Each structure stands twice: as structure tokens, then as C-alpha cells.
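Everything below concerns the one structure shown next.
All values reported here derive from a predicted model rather than from experimental measurement. Chain letters run A, B, ... following the sequence lines, proteins first, then strands; residues in each count from 1.
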Amino acid sequence: MRRITAVFETARAEGRGVLVIYVCAGDPNLEATEDIVVAAAEAGADIVELGIPYSDPIADGPVIQAAGQRALKVGTKVAGVLDTAARIRERCDVPLVIMTCYNPILQFGQEAFAEWAVQAGVDAVLVSDLPPEESDEWVAHCEARDLGTVFLVAPTTRPERIPEATQRTSAFVYAVSRPGTTGERDDLPKGLPELVENIREHTERPVVIGFGISTPEQVRAVCRVADGAVVGSAMVRVIAEQTDEGAIVPAVGRFVGHLAEGTKTE
Amino acid sequence: MAIATKGRFGPYGGQYVPEVLMAVLNELEEAYEAARGDPDFQKELDYYLREYAGRPSGLYLAEALSREVGCKVYLKREDLNHTGAHKINNCLGQGLLARRMGKRRFIAETGAGQHGVATATVAALFDMDGIVYMGEEDIRRQQLNCFRMQLLGTQVVPVTSGSRTLKDAINEAIRDWMTNVEDTFYCFGSVCGPHPYPTIVRDFQTVIGIETREQCLEKEGRLPTRIVACVGGGSNAIGIFYPFIEDTEVELIGAEAAGYGIETGKHAAPLVAGSFGILHGAGEYLLQDEDGQVREAHSVAAGLDYPGVGPEHCWLKDTGRARYEPITDQEAIDAFCELARLEGIIPALESAHAIAQVLKMKDELGPDDIVVINLSGRGDKDVNEVEAILETQGVAK
């Protein structure tokens, strides 16, 4: 958790936003994932979200769904993803956020999952289909071992529910830019600055914005209103486009380096 | 934090969904609560159920089947509803609710196509844009229903993700709903999914049990001793069970699809052989591996081919109020043929599981028993498939 806090403090001191990169663990395989994350961190990713592939990911658009299916096809397991996190931690200090659906945590055992995650050097966990109202038990397991939590606030979230999310958030609040799963646009959806302002009324925690962000220009626009930007599908697509596995690491480096230029807002 | 108990059946149910969906689920819940308490809404629903769907459906004393089983066996004739199954009860209810909420797009998932056809029918009736998600594999198996939906003016969207069957069609419908929350109503087909769907769909299907109760009292002067229904997601079963839950002398029995046999692992029987987890926003019994990845289900009846089951059934099982028994593909096919010959009624393969369960337990039954089987749908859609299966088995026609 302290790694996450430190990253936001440093970025703020440097007058820039935080770049969060999403990677689907196991696509094309877990060995490659390890190298991808290290390369992303070296190229300027401030935080890396490591996605656990799932059979029925209702929150994901087609790009991440396909990556998850490839990862499952090569036999990616939950324990394998946590082991990969541990190996990444031996190689670099980038804050790691596990992103997963709730069912894999339930089957692993909530307490066991939280404990393994901490042992592996994971800083926070984002559970994409666990709204605040259903999360008390999980949050308690995280709080008991200083494992960070991330909750989402969407443009459709009713104002009275925003505190439900912020009160349970210890790492950072994830503001969803627009309804749905995918969609790339040049401009920011209207109302985004207001959404961030509404969230900030309830919390001191950093706020990042995600969904549909794929270019340095969009990263810059987002970093002007929030503390950071999340790039997911676009990163996953760059990885999937490399026909030669050896080309993945350099491609990730180039893409992340390019995106990182957008974090400088001053 | 009282919200966490909302939509719970014991530990089952709940709302395990992405944040984007929470607002629409709340909106749906409020709209439904308002409609439920509005006599005009009920009056309107009753009108369409009666004049359009053809309710009440008969409670038919199946004499030949009764002789075979050794006690009175009644068939609740949901197969005689408009569109050929119980699904229309729910779709009319949700269609009226969508209209009340001012939604233009009426979307749904379908497996066998029965819920898709009922959705398309209601979309046409109430002049909404019907969109039905259907797995590519199911489109191949159910060409006829696919064409029926198109005739009714609904767009059938093939689903190519995952296992290309019902569960993936639900995933796609949910994603559509998340993306188009403003103008879209998701007409969910069974008593599964996040709260408030298990409650809404149950309430709209409860008409089956309410009628059954009245009809049985009228014909027999007492309640049935056993009620049997097939269980996929579980909407026809909960519809007939629900009004009898307090009558503990009435035994409630669900027939789950055992596919090639529970021991083969190729089945669709989460209540008999599944474990607790989350599927499509609800905590329930489901088929999954040790990592929580959802396993593909198998049943000859596409409408039962689902790896999860409604949360209320999970609770009825745990409390012992209902019991759930496995019926294999073969047992269902045999019952399908037997009912056709005995009664001149070709049941849906789904409903044939309930017939098979009654034939299977005839040794437990005495002459004073009264059994009601929910004949949830008719079998026209299945005759091609059954013909193909019987041919491969070398059974003379």
C-alpha cells in the first residue's frame, strides 16, 4: 500500500499525473507477463494492474475478453498469477494492483487470497463486480493486512452512493469515464470534471480515470482533472498484435513511454 | 448497510455487478416496487395474460399417465400459452414494466429460443425495438426459433464469445445494457441474475402456482401431495412452487438436467452436483472449477443448459423445503416419447425432465397421492432434434 501512496505523492510533487497500465496476466503466458510488467514500469508506468483472466468477465469489452480467453487456454491459474506478482516484486518496485472478478477470490478463500496477495508484494486489489454494498467481508480481510482496496464510481452512480465507495477505498478511487465497456474518443465525456469533484468532496484519496483511454493526448486531458489515467484495452491490444513473442517487450516499452509523455500537465 | 441483505434468499442472491449497473438495478427495483403496488398495472397485466396469452392454463387430469403411475397425475398446461411456454408470463410483465419506464429498446438473452421468442413477441406487441442475444451454437441448434424472432421484427445478435451458449448470451446482454443504460430494458428470462430479477421473474411466474392451487382445490377439494417441475434457471419451477411454500404437506420436487449422467461431469445440475459461487451477479450453486472459472453445462434440453440456478432454489434446497433430483438426457427423451403416446401431448424436452421424474418415483406414490407436473412448454421446437437422436439410436419410428 505504501508504494501506491508514495507514487501519487511523487507525481504530485513533480506536477504530473500517474499512469496506470492494465495487463491481462497469462496473455500470451505468465513468463511473458512478468517481462511485460517490468518493461512497462521501466518505460514509465507508475502503477500496473494485473488482471486475473476469467471465464465470464461481464465488465470487460471484447479486447480484454479475448485476452482472458487466450490466457485461460494456456492454463493460467489464480495461484500462478499471484506467483507471477511475487516474481515481478523481486525485479522491480512498481505498485501492483490485482484486478479480478469476485468468484476466483471466493473459491480461493477470501482470507487466503488477501494473505497470498500481501505475501506476493501486491499493493491493492480491485474487484470489478463487487459493489460496496456486498464488500464488507472482503474489505475487512484487506484492512487487517494493509492490502489496498479500489472501488469504482461511474457517471451513473447516484450521489448518495459515492460515500459508500469512498469510505471503503484505501488505495485510490477509480472513476469510470462513461457507461459500458469500450469506446475510444478524443474528447473527454462531459461531466467528468464534475464527477471527479463530487468524489473529492468525500475523500482525500487519489482519483484516477479509466475506460476508453488510449493516447497520450487523452492521458493528458484526464490528468488535468484527476490524479491519474488508466490505459487497459489499448495496452492489451498492443501486446496481442505482436506476432513474435520477442517483439512484445520492446513494443510495450515504446507504447508506455509514449503514453507517459501525456502525464506531464504543466 | 442494511442494503447487503437486499434481494437475499438465505446466503444466496445479491448484486455482484460492476458499478455501472448499480444505478439501473436500483431504478428497476424502484419502478417494479411502484408497479407492484399499482392496481392499474396488475389490471393491465391480468388483461394481457387472459386475452393475449390465453390464461388461465388448464389443469388437465392425465388419465393414461395416472394409470401408469398409480395415482392421479395432473398436467399444468403452460404448453398451451401463446408462444408455447411459460416464458410469456414473465415477458408480458417485464414488457409492461419497460413501457411504464419509457424504455425503447427491449433486450434479452436466449438459449433454446423460447424466452427469445416470447421477448420478440412482447416487443412487437408493445412496439419496442427487440434485440435478442443468442449463442452461435444455439442458433445452429434452434434455427426455427431464430427465424420466428426475426419474423416478429426482433434483431437476433449471434454471440461468439466464450462457449457460445446461454451463459455467454447473458454476458453480452448485460454488456449491452451497461452501454445503453438510458433507453434499454433488459428482459431477463429466468429467476437468476442480480437482484431484483430473481424476485421480479418469480412474481410474474407465480400466476402458474396461484392457478394450480385454485384449480386443484376445485377439482379435488384438497391440495396436491407433490408438485414436480424441471429446473434450469428455475423460473417455471419457482412459479408453481411459490404459492405452496407455506403448505409444508405439499412436497416440492425439481428435476435437474443430469445430461450424460452426473458421474460424467457433462450435465447441467448445479443443485445436485455444483458448489457455491457467483454467476451473473448472484450468489448461487453453479458448475465451476477450483479456480472459480465457470464450467460449460450440458443438457439435451437447451433451456436447461445453464451452469447456474436461481438463488431461491438454492435456499429451498438448503432448508429442505424442496428437493432436486437428476434426470439424464436419455430419461428425458424416453419420457418425451411416452407422454406423446400416452396423452397425445408432445412436451418440451425441458418439461420432459419433470415427466421422467414422476415416472421414476412411481414406487414412492400411493393411490391417494395427487401429483401436479408443470408442463412448462410444448415440444414442437424439439421434434427435429429428437428425431435425429432416435435415428442414431436405431429406434424404430
Interface residues of residues 70-77 of chain A facing chain B - heavy atom cut-off under 4.5 Å | L72(A), T76(A), K77(A)
Which bit of D176(B) is near chain A, if near means a heavy-atom gap under 4.5 Å: side chain, backbone, both or neither?
-> neither
Sort V127(A) into side chain, backbone, both or neither according to what part of it lies under 4.5 angstrom from a heavy atom of chain B.
-> neither
Any side-chain heavy-atom pair from N103(A) and Y16(B) closer than 4.5 angstrom?
-> no
With the side chain counted from C-beta on, respond yes when R175(B) and Q65(A) share a heavy-atom pair under 4.5 Å apart, and no when they do not.
-> yes
More than 12 foreign heavy atoms under 6.0 Å from OH of Y260(B): is that the case here?
-> no
Assert top hit (heavy-atom pairs under 4.5 Å, partner chain A, pool N171(B), V20(B), D291(B)) equals D291(B)
Turns out that what part of V181(B) lies under 4.5 Å from chain A's heavy atoms comes down to side chain
In Å and rounded to the nearest 0.5 Å, what is the CD to CD1 distance from E134(A) to I278(B)?
-> 7.5 Å
Can you say whether P155(A) sits under 4.5 Å from chain B via the side chain, the backbone, both, or neither, judging by heavy atoms?
-> neither
Given side chains that start at C-beta, do those of V176(A) and E19(B) come closer than 4.5 Å, heavy atoms only?
-> no
Flag the pair R295(B) / S55(A) as yes when at least one side-chain heavy-atom distance between them is below 4.5 Å, and no otherwise.
-> no
Region of S128(A) in contact with chain B, defined by heavy-atom distances below 4.5 Å | backbone
Whatever's closer than 4.5 Å to a heavy atom in chain A on E182(B) counts as neither
Measuring from I58(A):CD1 to L21(B):CG, what's the distance to the nearest 0.5 Å?
-> 6.5 Å
Region of V78(A) in contact with chain B, defined by heavy-atom distances below 4.5 Å = both
Is there a side-chain contact between Q69(A) and S161(B), using heavy atoms and a 4.5 Å cut-off?
-> yes
Relative to chain B, which of T157(A), I52(A), D56(A), L130(A) shows the most heavy atom pairs under 4.5 Å?
-> D56(A)
Measure the shortest side-chain to side-chain distance between P18(B) and L152(A) over non-hydrogen atoms and say whether it is less than 4.5 angstrom.
-> no
Donor-acceptor side-chain pairing of Q288(B) and Q107(A) below 3.5 angstrom = yes
